[in-house]
Amino acid sequence: MPYYINDGKLEENLLPFLMESVHQGISVIDKDLNMVFINRAACKMLDLPISVIKKNPSLQAIFRFNAERGDYGTGDIEEQVAERMDLTRRFIAHEIERERPDGRIIRIQGNPIGEAGFVTIYTDVTEQRTYEANLEAIQYELELKLENSVREVRYNRDLLVNAINAIDDGLIVFDEHNNLVLANIRMQKLYPSLRRHLARNSHISKIEGFQVPCSTEEYDNNGKKRFSKESKLHDDCWYRIEQSATVNGGKIITYSDISAYKEQTGKLQEHTNQLVKLLQKEINLSDTQREFVSMASHEFKTPLAIIDSNAQRIQRRIDTMPKERLAERVSNIRDSVERMQYLINRFMDFSSDEIAGIKVEAKTQKFRSTLEKLCHLHLEMQDHTVMEWNLDALPDLASFDQNLLDQCLSNILSNAIKYSDQNAPIHVVGKRDKRYLKIEVHDQGVGIPKPELSKIFNKYYRASTSSGIAGTGIGLNFTQMALKEQGGHIEVESVVGEGSCFTIFLPASIAIDTAQTEKASESLTQLSKSTEKIAS
């Protein structure tokens, strides 16, 4: 039961019973710092016997009692009492917690009641503080675990990022809403703007120049769809771009550099083409051999028959045949032999060049005089040949392959002579413009039908108007190929019964300007003289 202390008498009243209903301790001190009220809860919490209070209710006596039994710890007792009395005399609100010798923690809250005294409330907060300590320990343990988990997650993330950055392929990840999640260093180098978009988790549509594969639909080992395509990007490299889905509906896109693969594939294709070309040449050689047998059996039949006929007649009448007749027979034999030699040589030379490939060996040399000499040689080959030429428009010097050009022009001149009547004039004219050097050969021969002009340069093709005139159909085809190797070409215009005009076109760039050559020579001479003067 709580007590009122007044002049040493205890008075029971209704108020003490009300104070007893609370679990907190309550005490009241008057303005003279004497204890006038304290409930049992307070006495129990403070372990303060009521007899001590009855004996001397002054607060100073109670402080001394507590100090003497060691409630305030070690130290001078009077100082401990004086310190607490000074605090009380101020009559200001205060709140402190004190740990009792038995380990209990008591919270003391003092509140002044004007000048009438002081009310103090005592609360046992031992369980609360124990709970808070346990809660703090648990919180610390959780924070430690969380920190360890975060550290582990960061470690695994860094490990994953380092692994992703270590691969040679570009890798980029989008979530289910097509927002950017991750891009490794290789991908960021390919698209530098990705660094900015990574910080913003930008939508895939906002990434400048980014390509999403959508060409070929494939399936991986798990049966999931993936898309892939090959594309040449802005860095001039070829990439295989593959897209596959993530478990949460996002997408992973990889960029694999296949430039080396493309290059190797190109080289392999080139080697394959070379092998195919060589194989085709072998096939052509085989065809050429078959064609040669067929042609020989046809073209050689007539000259062999002539040779055999004349040889038999000579054999039968060798003793009685006049010398003039004998010379005629021998001449016929020689003409036929020359015809056969011509056919064989022309055919074999052409076949050899076609199989081995025509090699151009150009060098700077006299151009116009070479063509004039060639015209002169063909003029002397036949007694009844009439040929005129005007090549003044062509340059003196040029860079060309003389053997190939001689053979090309010889084919045209020989045909002009062969397919023209005796004494029919042949004109050779040289022309020049910004693109070409032109050599025109005009004849008044049998001509070529217009529908056959597009075929005249085909191998072994002979115009219908050439019937009865020896030939293989090889010369014009070879001329066309040889000129093409030198950057030129050949064209023909013809009217049946009036003649033909074959024009050889060579690039104007092969011409060597004589004025420039002389100027360069003069500059070299002056430089040489200057060098000699400096040396002297």
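The structure presented is a predicted model; accordingly, all values stated were derived computationally and were not measured.
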NZ-OG distance between K434 and S509, expressed to the nearest 0.5 angstrom: 15.0 Å
How would you list, by chain and number, every residue that makes a side chain to side chain donor-acceptor pair (under 3.5 Å) with K431, sequence neighbours excluded? E440
Answer whether the closest heavy-atom distance between the side chains of V150 and E147 falls below 4.5 Å. no
Side-chain contact, heavy-atom cut-off 4.5 Å: I164 with R186? no
Once ring pair (Phe, Tyr, Trp, His ring centres under 6.0 Å) is applied, what residue pairs with a partner in residues 140-173 remain, sequence neighbours excluded? none
Under a 4.0 Å N-O cut-off, is there an ion pair linking R240 with D257? no
Could I get the full list of side chain to side chain contact (heavy atoms under 4.5 Å, CB included) partners for K455, not counting sequence neighbours? N458, Y461
Could you tell me which residues satisfy salt bridge (charged side-chain N to carboxylate O under 4.0 Å, His left out) with E263, sequence neighbours excluded, listed by chain and number? K267
Quick one: do K251 and E176 satisfy salt bridge (Lys or Arg N to Asp or Glu O under 4.0 Å)? Show the steps, please. CA-CA 7 Å; K251 59 171 66 77; E176 65 274 19; over 6 Å; no
For residues 368-377, pull every pair meeting side-chain hydrogen bond (donor to acceptor under 3.5 Å, both in side chains), keeping only residues two or more places apart or in separate chains. R368-D396, H376-E380
With distance as the sole criterion, is a donor-acceptor pair present between the side chains of T254 and D169 under 3.5 Å? no
So, using side chain to side chain donor-acceptor pair (under 3.5 Å) as the criterion, who are the partners of D175 when residues are at least two apart? none
Run the ring pair (Phe, Tyr, Trp, His ring centres under 6.0 Å) test against F367 and tell me which residues pass, sequence neighbours left out. F400
Between the side chains of K229 and E242, is the shortest nitrogen-to-carboxylate-oxygen separation below 4.0 Å, so that they form an ion pair? no
All side chain to side chain donor-acceptor pair (under 3.5 Å) counterparts of E143, not counting sequence neighbours: Q139
Set of side chain to side chain donor-acceptor pair (under 3.5 Å) partners for S193, sequence neighbours left out: E208
Does H234 have any ring pair (Phe, Tyr, Trp, His ring centres under 6.0 Å) partners at least two apart in sequence or in another chain, and if so, which? Y191
L371 versus L405: any side-chain heavy-atom pair under 4.5 Å? yes
Contacts under 3.5 angstrom, residues 316-327 side chains, donor-acceptor by atom type, not counting sequence neighbours:
residue : atom : partner : partner atom : Å
R325    : NH1  : E328    : OE1          : 3.0

Decide whether Q269 and N273 meet the rule of one side-chain donor and one side-chain acceptor closer than 3.5 Å. yes
Ring pair (Phe, Tyr, Trp, His ring centres under 6.0 Å) pairs, two or more places apart, involving residues 420-443: Y436-H489, Y436-F505
Taking 4.0 angstrom as the limit, do D236 and K232 come out as a salt bridge? yes
Looking only at heavy atoms, what is the nearest atom pair of I252 and V173, with distance? CG1-CG2, 4.2 Å
How about Q315: does its CD atom have over 12 heavy atoms from other parts shown lying under 6.0 Å from it? no
